[in-house]
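All remarks here apply to the structure that follows.
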Amino acid sequence: MTSFDDRDGQIWYNGKLTPWRDTKIHVLSHGLHYASAVFEGVRVYNGKIFKNQEHNERLIRSGEILGFKVPYTVEQLNKACEEVVKANKVTNGYIRPIAWRGSEMIAVSAQNCTIHVAIATWEWPSYFGKEAKEKGLKLTWADWKRPSPETEPTASKAAGLYMICTLSKHKAEEKGFNDALMLDYRGYVAEATGANVFFVMNGEIHTPKPDCFLDGITRRTVIGLAKDLGYKVVERHIKPEELANAQEAFLTGTAAEVTPIGSVDNYKFTVGEVCHKLMTAFDKLVGR
């Protein structure tokens, strides 16, 4: 596996394309020490960027939630994403825009830090692979819980919010699982480590209410697809024991796209009609 700091190509960095290996930050950047960074994950399908506008709008909004202004407009970011995809000849891949506070101050206080922006892209196949689409993912419960919005800026896609996701994902993989399902601070089902979750219960699609975790762009897209297919979608608080009432389950996200869940510990699900219809509808939407 080639390290991400040693690749050919170009990265859009503070307004211009820069050779990949020359795109560096200082070790004393505030974003590294205090997690004052926001980012996005965006897919490219057949050379076209999926939901580019929505992702860059959220990047700017996330920066505002963390108290800084991304120094580019949505239109400039949209164009930059297109430029970097073209420069790197990416056909089916991933884009990672990120904005962070620089190194002018290295303390909790950071009003005078410059805001930097970089956008990288690379070819990237399915995150979970073909087998997961056919058999469903094997999940376990995470030890960590999604925090209260009174304790963290949970409406932002902020780097620091993913620390417990990495911890949960690593532990799940060490135990032989694909991923972990997280509860929120109240004990309700929240999300996986990097994807939203849905359950099919007697013909209806139920999904946790995103009041303390990210309301994913793919999540909203799939809700729209489900409604177009005639399914009733219910957004509500879901207790973990209610998984016993679900016949199917699936994850959604930029990386996960629409991926069925086969099990969450002792709760078992089928990769059934609803999952297949939504996977097909999503593939059609993105032109795959």
Side-chain angles (χ1 to χ4, degrees), residues 1-4 35 39 41 43 94 96 122 124-148 151-152 154 157-201 205-210 212-216 218-219 222 237-272 274-276 278-279 282:
M1 180 177 174
T2 304
S3 172
F4 275 93
F39 69 97
R43 277 277 189 178
Y94 185 81
R96 171 52 60 88
W122 57 92
W124 201 35
S126 176
Y127 182 60
F128 286 113
K130 183 179 178 182
E131 185 177 355
K133 299 278 187 178
E134 296 174 349
K135 297 181 179 180
L137 298 168
K138 184 181 177 184
L139 271 58
T140 187
W141 295 103
D143 294 335
W144 297 91
K145 295 182 178 181
R146 298 309 316 176
S148 163
T151 63
E152 293 282 358
T154 57
K157 193 170 176 67
L161 292 171
Y162 285 80
M163 177 174 58
I164 58 174
C165 299
T166 297
L167 292 171
S168 299
K169 179 86 167 178
H170 283 182
K171 187 170 183 179
E173 290 177 336
E174 288 168 3
K175 293 163 63 178
F177 294 92
N178 300 110
D179 204 350
L181 192 59
M182 307 181 79
L183 302 179
D184 70 16
Y185 65 101
R186 298 160 297 194
Y188 295 122
V189 177
E191 60 178 352
T193 60
N196 294 119
V197 66
F198 292 77
F199 303 97
V200 180
M201 298 179 176
I205 299 175
H206 294 243
T207 188
K209 186 178 180 181
C212 65
F213 56 89
L214 205 63
D215 181 9
T218 307
R219 175 186 183 274
V222 171
H237 294 141
I238 299 173
K239 297 178 180 178
E241 58 267 26
E242 291 186 72
L243 271 62
N245 303 326
Q247 294 79 47
E248 299 180 48
F250 57 92
L251 298 181
T252 66
T254 295
E257 301 173 297
V258 180
T259 302
I261 299 170
S263 64
V264 179
D265 279 352
N266 293 326
Y267 295 109
K268 308 294 182 182
F269 313 101
T270 61
V271 183
V274 178
C275 286
H276 283 297
L278 285 172
M279 286 190 287
F282 186 81

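Along the sequence shown, the residues carry numbers beginning at 1. Values reported hereafter were calculated over all heavy atoms of this structure, with side chains retained and with hydrogens, waters and symmetry mates removed.
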**Asked** If you measure from OG1 on Thr252 to CG on Leu278, what distance do you get to the nearest 0.5 Å?
**Response** 10.0 Å
**Message:** Within the structure provided, determine whether Val222 and Phe250 are in side-chain contact (heavy-atom separation under 4.5 Å).
**Reply:** yes
**Request:** Taking all heavy atoms of Ala132 and all of Leu137, pick out the closest pair and write down the distance.
**Result:** CB-CD2, 3.5 Å
**Asked** Out of curiosity, Glu242 CD to Tyr267 OH, how far, rounded to the nearest 0.5 Å?
**Response** 10.0 Å
**Message:** Would you say that Glu191 contacts Pro210 through its side chain, given a criterion of any heavy-atom pair below 4.5 Å between the two side chains?
**Reply:** no
**Complete:** Closest non-hydrogen atoms of Ile164 and Pro147, given as atom of the first, atom of the second and distance, are CD1-CD, 4.3 Å
**Asked** Out of curiosity, Gln247 CD to Cys275 SG, how far, rounded to the nearest 0.5 Å?
**Response** 11.0 Å
**Message:** I want to check something: taking the side chain as every heavy atom from C-beta on, are Leu214 and Thr154 in contact at a cut-off of under 4.5 Å?
**Reply:** no
**Heavy-atom pair with the smallest gap, counting every atom of Phe198 and Arg219** = CZ-CG, 3.7 Å
**Asked** Any donor-acceptor pair under 3.5 Å linking the side chain of Thr254 with the backbone of Gly41?
**Response** yes
**Item:** Distance flag, aromatic centroids of Phe39 and Tyr162, threshold under 6.0 Å
**Value:** yes
**Distance (rounded to the nearest 0.5 Å) between Lys138 NZ and Lys175 NZ** = 10.0 Å
**Asked** Do Phe128 and Glu257 touch side chain to side chain, with heavy atoms closer than 4.5 Å?
**Response** no
**Prompt:** Where is the tightest heavy-atom contact between Lys133 and Thr259, given as atom of each residue plus distance?
**Reply:** NZ-OG1, 3.7 Å
**Asked** Would a 4.5 Å heavy-atom cut-off, applied to side chains only, mark His276 and Val271 as touching?
**Response** yes
**Message:** Give me the atom names and distance for the closest heavy-atom approach of Leu139 to Ala180.
**Reply:** CG-N, 4.5 Å
**Asked** Does CH2 belonging to Trp144 count more than 12 external heavy atoms closer than 6.0 Å?
**Response** no
**Item:** Leu181: which of Thr193, Val264, Asp265 passes side chain to side chain contact (heavy atoms under 4.5 Å, CB included)
**Value:** Val264
**Asked** Hey, does Leu243 have a side-chain heavy atom less than 4.5 Å from the side chain of Phe269?
**Response** yes
**Request:** Please report the closest heavy-atom contact between Leu161 and Arg146, naming both atoms and the distance.
**Result:** O-NH2, 3.1 Å
**Side chain to side chain, Tyr94 and Arg96, heavy atoms closer than 4.5 Å** = yes
**Request:** Please check if atom CD in Glu173 has more than 12 non-hydrogen atoms from other residues, nucleotides or ligands closer than 6.0 Å.
**Result:** yes
**Item:** Residue pair Trp141, Val189: steps toward the side-chain contact (heavy atoms from CB on, under 4.5 Å) verdict
**Value:** CA-CA 10 Å; Trp141 295 103; Val189 177; 4.2 Å; yes
**Prompt:** If we only count heavy atoms from C-beta on, is the Asn245 to Phe199 side-chain gap below 4.5 Å?
**Reply:** no
**Message:** To the nearest 0.5 Å, what is the distance between OG1 on Thr140 and CG on Asn178?
**Reply:** 11.0 Å
**Message:** Tell me whether the rings of Tyr188 and His237 are parallel (<30°), tilted (30 to 60°) or perpendicular (>60°).
**Reply:** parallel
**Asked** Sub-3.5 Å donor-acceptor pair from the side chain of Lys135 to the main-chain atoms of Ile261, do we have one?
**Response** no
**Prompt:** When you look at Phe177 and Lys171, which way does the side-chain contact (heavy atoms from CB on, under 4.5 Å) test go after all the steps?
**Reply:** CA-CA 9 Å; Phe177 294 92; Lys171 187 170 183 179; over 6 Å; no
